[in-house]
Enquirer: 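Pasting a structure below so you can have a look.
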Amino acid sequence: NATNNNNDNSRSDPQQLVGVVGLEVHAQINSNTKLFSGSSVRFSAPPNSLVSPFDASLPGTLPVLNKRCVEAAVMTALALNCTINKKSLFDRKHYFYADLPAGYQITQQRRPIAVDGTLTYSILGGKKRSQVIRRTSTIKQIQLEQDSGKSLHDDLRSQTLIDLNRAGVGLMELVMEPDMSCGEEAAAAVRELQLILQALGTCQANMSEGQLRVDANVSVHKPGEPLGVRTEVKNINSVRFLSRAIDYEIQRHIQVLQRGGTVQNETRAFDSKSGFMPEPNLPPLIVYEDNASLPTGIDACQAVVVQEIRAGLPELPSIKRDRLVQTYGILPEHSFTLVNEDGLVEYFEAVLKATTKEPRKVIGWVTNELVGHLKQRDMSVSQSPISPSALAELLERQESGHISSSVAKQVFQEMWRSPGKTASQIIQEQDLGLVSDATQLHSICQKVVDSHPVEVHAIRNGNKKVLNKLMGLVQKETKGRADPVLVRAILQEKTS
Amino acid sequence: MLGLTIREVSAALREGRISPTELCRKCLNRIKRTRHLNAYIAVTEELALKQAGEAEARLLRGAPKGPLDGIPFAVKDNFCTENIKTTCASRMLKDYTPPYTATVVQKLLNQGAILMGKTNMDEFAMGAGSTDGAFGPVRNPWSYAAPYRERTGAAPDSDWVVTGGSSGGSAAAVASLTSYLALGSDTGGSTRNPGALCGVVALKPTYGLLSRHGLIPLVNSMDVPGIMTRSVSDAAIVLGILQGQDTRDSTTTAAPSSLTELPEHFDVKNICVGIPQEYHAPGLSEETLAQWSRVADMFERAGARVKRVSLPHTQHSIVCYHVLCHAEVASNMARFDGLEYGHRSEEDSSTEAMYASSRHEGFNDVVRGRILSGNYFLLKQNSEHYFVKAQRVRRLIAEDFKRAFGSGVDVLLTPTTLADAARYSDFTQEDNRTRSAQEDVFTQPVNMAGLPAVSVPTALSSRGLPIGLQLIGPALQDKKLLGVAQWIEQRVGFPSITGAIKHMQDGSFDSFIIRHCPCEIEMRPVLCFMTC
């Protein structure tokens with residue numbers, strides 16, 4: 001039969017199957033109160049302490065739209081190059097679930113506030129993964145909708161407990177077209193989105209606190225053919241796991257098809273039947289392009305004006321990266337590291353202010369030494385035991401020839417271990433200053449030259465690179481404290 | 001005293017002819033003596049007396065809050081009242097006490113009006129007889145008045161007639177003189193229908209003019225709080241207090257004008273009264289038709305232009321109304337799952353089983369039937385055929401009205417119901433669905449279009465039961481509509497009930513006595529047409 005033929009084909013040429021990934025992102029709007037009620041929005045408040053009569057769907061209560069949520073959605077949509085629908089509508093989407101007290105969710109699926117946007121993100125490619133490759137995904141729509149409550153299942157007593165603190169919190173749902181091909185792309189896209197939302201302040205975008213929730217639709221197909229059966233990857237609470245889960249799912253699809261099986265879509269079977277109905281308690285949501293287009297009789301503070309929001313857009317991550325590359329002459333991949341870590345750009349710029357060292361030489365210290373140490377201990381930039389000025393002092397000592405670069409790294413580690421101690425203190429205490437006494441260096445160099453006749457011979461035969469090995473041996477003798485310029489000169493003289 | 005209008009009793013209170021506490025006690029006594037009507041689900045006696053005491057202090061200081069200070073009122077039991085049970089006449093909400101008060105109720109309380117209790121109704125306002133509530137049917141006070149008893153020889157215990165519905169308790173409260181005004185709700189005629197059958201003035205304001213915050217919904221896009229009073233001018237007073245934008249209801253609009261008093265003399269010479277030909281519907285009783293013609297003739301004789309108009313889509317209205325109503329009902333009722341509030345079944349084998357039996361036990365057959373059909377209309381594969389189509393026809397119906405008003409018509413005059421009230425034993429021969437279709441036929445198109453309408457009692461039928469006519473106006477022309485309604489009221493000389501009541505102790509019934517409205521009749525003797 002047809003299914004078998006299909007499977008036979010895929011089995012005969014499995015290499016052609018590629019993954020197709022589309023994302024649905026739920027971003028909790030960073031607002032003081034909920035989308036349709038006056039209850040506060042707060043993470044980890046005592047259960048059911050942030051619940052108004054409307055949130056608990058008490059009969060007779062009505063939704064009243066939170067202007068801040070609309071503005072956040074418009075701002076996010078503008079940052080993602082969307083077209084703003086001047087008129088959008090709210091619908092009820094019905095389904096029975098214990099943490100959805102009204103039995104329906106108020107959403108904008110059918111006529112959302114914004115459509116047709118793009119999310120531009122970059123992945124690192126090339127042999128050394130240092131090549132920045134730009135990708136663009138299409139955002140189909142951004143819609144405002146209510147978050148649900150939370151159910152906690154107590155299997156022991158076979159009880160379900162409901163916490164409605166989250167019920168009714170404003171969400172922006174971003175629906176993206178299935179135009180990605182792997183977990184890495186999806187992860188990069190989500191990371192970029194996180195940065196954008198945080199820069200805008202429209203969502204705190206912390207995945208582990210559920211402020212940003214990503215569902216991925218995964219399918220596989222042969223390029224040019226219709227998409228395969230979709231399955232969903234849900235409830236992922238970090239970007240890293242998202243990437244892995246998607247790749248795992250793509251591989252699973254491919255393996256299933258290779259074995260001659262069919263992929264089953266087991267999620268959301270009820271969704272296809274659930275009915276939509278216009279939310280009769282909310283008139284159409286109208287936003288205005290500019291103050292001139294406000295109709296008479298409309299209170300200006302009651303209106304959402306797109307132009308005002310556009311004027312208030314902050315610097316977006318991509319612009320910030322371009323600026324960093326241009327201003328400081330750093331590599332694009334370094335600009336990614338800087339922008340990816342919260343507060344790192346500010347740290348970097350603070351170091352630059354306090355040192356004469358060139359930005360291109362400072363960047364490695366920040367993106368490798370500092371970030372490396374932070375990552376190892378799962379710390380944020382603000383928790384760094386080494387302040388920008390302390391790092392600048394260290395770099396100054398190196399720049400002025402006081403210490404070698406290898407000693408500088410040693411000092412950095414010591415500073416990390418003993419917060420409060422300055423670079424100068426450590427250099428003095430441990431006698432790490434550069435050895436630039438010519439007589440002393442001459443005698444060390446002579447010892448190395450004498451004990452390595454083969455290398456010296458090679459150098460004399462024109463293989464100048466071998467000199468570096470001798471340099472290294474001298475530094476080993478001096479524990480890295482020898483002035484490299486002097487050492488090179490002495491060694492060159494002795495091997496010529 | 002109890003038979004007075006708000007305006008009259010308000011004056012009596014200010015002049016010290018009666019104190020709010022005395023008035024409140026009189027009403028409470030009357031409620032007790034008319035308990036057989038089953039008009040109230042709950043009587044808030046203690047609270048009422050406390051409020052009356054406060055009103056009394058204000059009046060003694062000479063600082064009443066307004067025309068409603070000290071005036072007893074009743075509220076249909078689908079308006080939320082803080083710390084007072086709000087049941088919707090359903091087992092589902094039998095023990096439900098809301099934590100907040102509906103805006104319209106709060107506005108009355110803020111005016112010093114005195115809440116006597118919560119009135120009976122059809123369960124969740126689904127019905128047209130006030131016969132389908134969990135607390136039993138409401139009896140029409142006119143069943144016990146002399147005209148009906150004498151003309152039909154009716155046996156008091158078996159031949160009583162229904163109030164109409166679903167706000168039958170509120171209509172009965174105003175008609176039986178236990179409250180000077182009552183709030184109903186009107187989704188397809190639920191205020192006007194019992195208003196007509198109980199002989200009281202029943203106003204359905206323009207959609208959005210009154211806040212629905214705290215009104216437990218039937219159909220959100222059609223629900224309007226309704227006002228029931230004994231005179232048109234009382235309705236205008238109450239409308240003036242209740243109307244206006246409410247930040248808690250996004251569908252409200254600002255009132256076009258602050259409505260204070262109606263002009264005593266409304267000049268009908270320059271108005272055009274439309275008579276929609278489609279309202280000559282099958283089943284329209286001869287007597288109601290006669291009243292319709294009579295009032296139309298009155299307008300003509302007074303110099304108004306009376307013209308026949310067509311509302312061609314009206315015939316499809318009731319079907320579409322039911323589709324839209326049931327769909328919204330299915331949606332609105334989804335929240336009653338026994339989790340956060342309301343009836344929760346003992347069944348605990350699973351969450352789904354708990355939902356199912358809570359809803360089965362909590363709702364009556366009518367509610368469950370509407371939920372079932374509503375969900376069917378909303379199914380993805382059916383929505384286009386039913387729900388969306390009904391919405392389109394709804395627009396056509398609204399356009400019919402717009403066209404009529406655009407052609408120079410100021411108000412439309414129609415019957416409110418097909419006939420006078422049916423005997424309970426006859427009414428219950430047909431099911432709720434059939435009765436709703438019959439009873440709402442003249443009233444629900446107005447809700448589909450969001451227009452204001454008022455039912456004014458015009459006469460008693462040959463059986464001695466009230467007949468009402470309906471006036472329909474353009475959106476937000478509520479004041480003008482009431483002006484015309486008052487013009488009719490001043491001329492038809494509709495009788496009002498006063499007098500004695502059932503004695504609870506011995507179970508015997510005293511007759512209600514009919515008194516005429518003397519001032520209006522004396523003022524315009526020539527134009528008074530008495531039918532009784």
Side-chain angles (χ1 to χ4, degrees), chain A residues 36-38 48 51-67 90-106 110 149 151 153 157-162 164 167 270-285 297-299 302, chain B residues 78-80 86 88 92-93 96 98-103 124 208 211-217 219-223 246-252 254 324 327-328 330-337 339-342 348-352 354-355 374-383 387 391:
Chain A
F36 296 122
S37 81
N48 294 314
V51 184
S52 73
F54 176 80
D55 306 326
S57 80
L58 295 198
T61 54
L62 298 169
V64 180
L65 183 58
N66 181 344
K67 187 184 171 203
F90 290 97
D91 282 314
R92 291 178 176 184
K93 182 182 178 183
H94 298 92
Y95 55 96
F96 263 106
Y97 204 73
D99 54 25
L100 187 73
Y104 55 81
Q105 177 195 36
I106 303 179
R110 296 195 290 190
S151 308
H153 301 286
R157 273 171 284 186
S158 74
Q159 273 186 332
T160 300
L161 303 167
I162 313 286
L164 293 180
F270 62 90
D271 212 34
S272 58
K273 282 183 275 168
S274 87
F276 275 95
M277 197 189 84
E279 167 54 63
N281 297 315
L282 289 167
L285 166 58
I298 288 266
D299 185 356
Q302 279 286 306
Chain B
N78 58 353
F79 287 93
C80 291
T86 299
C88 282
M92 181 58 85
L93 294 180
Y96 175 65
Y100 72 102
T101 299
T103 298
F124 282 102
S211 170
R212 293 181 293 113
H213 170 74
L215 167 60
I216 298 180
V219 184
N220 301 278
S221 62
M222 300 189 210
D223 291 342
D246 180 8
T247 52
R248 283 165 299 185
D249 177 357
S250 307
T251 63
T252 50
L324 296 173
E328 277 201 41
S331 174
N332 287 332
M333 294 291 146
R335 69 189 56 211
F336 297 102
D337 55 14
L339 280 187
E340 284 83 9
Y341 47 84
D348 64 353
S349 60
S350 74
T351 310
E352 286 72 22
M354 191 271 283
Y355 283 161
N375 277 320
Y376 177 82
F377 299 144
L378 282 177
L379 282 178
K380 210 175 195 176
Q381 66 267 31
N382 295 343
S383 175
F387 186 75
Q391 275 185 312

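Values in this document were obtained by computation on a predicted structure and should not be read as measured data. To find a chain, count down the sequence lines: A is the first, B the second, and so on, and within it residues start at 1.
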Enquirer: So, using ring-ring contact (aromatic ring centres under 6.0 Å, His included) as the criterion, who are the partners of B/Phe79 when residues are at least two apart?
Expert: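 Here no residue qualifies.
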
Enquirer: Does A/Tyr97 OH have over 12 foreign heavy atoms under 6.0 Å away?
Expert: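 Result for OH/A/Tyr97: open.
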
Enquirer: Where is the tightest heavy-atom contact between A/Pro101 and B/Glu340, given as atom of each residue plus distance?
Expert: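 Taking A/Pro101 first and B/Glu340 second, the nearest heavy atoms are CB-OE2, 3.5 Å.
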
Enquirer: Is it the backbone or the side chain of B/Phe377 that comes under 4.5 Å from a heavy atom of chain A, or both, or neither?
Expert: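 Nothing of B/Phe377, per the 4.5 Å heavy-atom cut-off to chain A.
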
Enquirer: Quick check on B/Ser331 against chain A: is it the side chain, the backbone, both or neither that has a heavy atom closer than 4.5 Å?
Expert: both

Enquirer: With rounding to the nearest 0.5 angstrom, report the CZ to CZ distance, A/Phe276 to B/Phe387.
Expert: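 One gets 12.5 Å once the value is rounded to the nearest 0.5 Å.
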
Enquirer: Pick from A/Gly103, A/Pro278, A/Pro280: which one has the most heavy-atom pairs with chain B under 4.5 Å?
Expert: A/Pro280

Enquirer: Is it the side chain or the backbone of A/Leu164 that comes within 4.5 Å of chain B heavy atoms, both, or neither?
Expert: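 Just the side chain, heavy atoms under 4.5 Å.
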
Enquirer: May I ask you to test the A/Pro283-B/Ser250 pair for a side-chain heavy-atom distance under 4.5 Å?
Expert: yes

Enquirer: Please assess A/Tyr104 against B/Arg335 for the test side chain to side chain contact (heavy atoms under 4.5 Å, CB included), listing each intermediate value before the final yes or no.
Expert: CA-CA 8 Å; A/Tyr104 55 81; B/Arg335 69 189 56 211; 2.7 Å; yes

Enquirer: Considering only heavy atoms, which portion of A/Phe36 lies under 4.5 Å from any heavy atom of chain B: side chain, backbone, both, or neither?
Expert: neither

Enquirer: What pairs with B/Ser350 under side-chain hydrogen bond (donor to acceptor under 3.5 Å, both in side chains), at least two apart in sequence or on another chain?
Expert: none

Enquirer: Heavy atoms only, distances under 4.5 angstrom: which of B/Asp337, B/Thr86, B/Asn375, B/Asn332 has the most pairs with chain A? Name it, please.
Expert: B/Asn332

Enquirer: If every non-hydrogen atom of B/Tyr341 is compared with every non-hydrogen atom of A/Ala56, which pair is closest and at what distance?
Expert: CE2-O, 3.4 Å

Enquirer: Under 4.5 Å heavy-atom distance to chain A, tell me which part of B/Glu328 shows up: side chain, backbone, both or neither.
Expert: both

Enquirer: At what distance, to the nearest 0.5 angstrom, does CG of B/Leu378 lie from CZ of A/Arg92?
Expert: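 Reported value, rounded in 0.5 Å steps: 10.0 Å.
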
Enquirer: Against chain B, work out which of A/Val64, A/Asn281, A/Thr61 has the most heavy-atom pairs shorter than 4.5 Å and name it.
Expert: A/Asn281

Enquirer: Can you name the nearest heavy-atom pair linking B/Tyr100 to A/Pro59, along with the distance?
Expert: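 Residues B/Tyr100 and A/Pro59, closest heavy atoms: OH-O, 2.8 Å.
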
Enquirer: Determine the option with the most heavy-atom pairs under 4.5 angstrom with chain B, choosing from A/Leu282, A/Leu58, A/Ile162.
Expert: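 With the most close heavy-atom pairs to chain B, the winner is A/Leu58.
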
Enquirer: Which answer fits B/Leu215, side chain, backbone, both or neither, if we ask what part of it has an atom under 4.5 Å from a heavy atom of chain A?
Expert: backbone

